[in-house]
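Just below is one structure, and these are the notes that go with it.
Every value quoted in this text rests on a predicted model; they were computed, and no experiment measured them.
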Amino acid sequence: MINDFSQITSFFEELNGLLKRNTDVFLIGGGALMKYDLRDETKDIYKL
């Protein structure tokens, strides 16, 4: 379970090391809301 936006950032940094060409990535849904500290606004993501 992802509890912090830094975990998302770490994932994309690791993925970047595996890719052979530049790729655009768009973060939508709960991850995007987490980025802007709106995490509580979704029904599918709960703070523990």
* **Whether E14 side chain and F11 backbone form a donor-acceptor pair below 3.5 Å** => no

* To do: Take atom CG of L19 as the centre, draw a 6.0 Å sphere, and report whether it contains more than 12 heavy atoms from other residues, nucleotides or ligands.
  => yes

* To do: Quick one: closest heavy-atom pair of G31 and I8, and the distance?
  => CA-CD1, 3.9 Å

* How long is the span from the CZ atom in F12 to the OG1 atom in T23, to the nearest 0.5 Å? -> 11.0 Å

* Structure fact -> Heavy-atom nearest pair, M34 first then F5, reads SD-N, 3.6 Å

* With rounding to the nearest 0.5 Å, note down the distance linking CD1 in I28 to CG in L33. => 10.5 Å

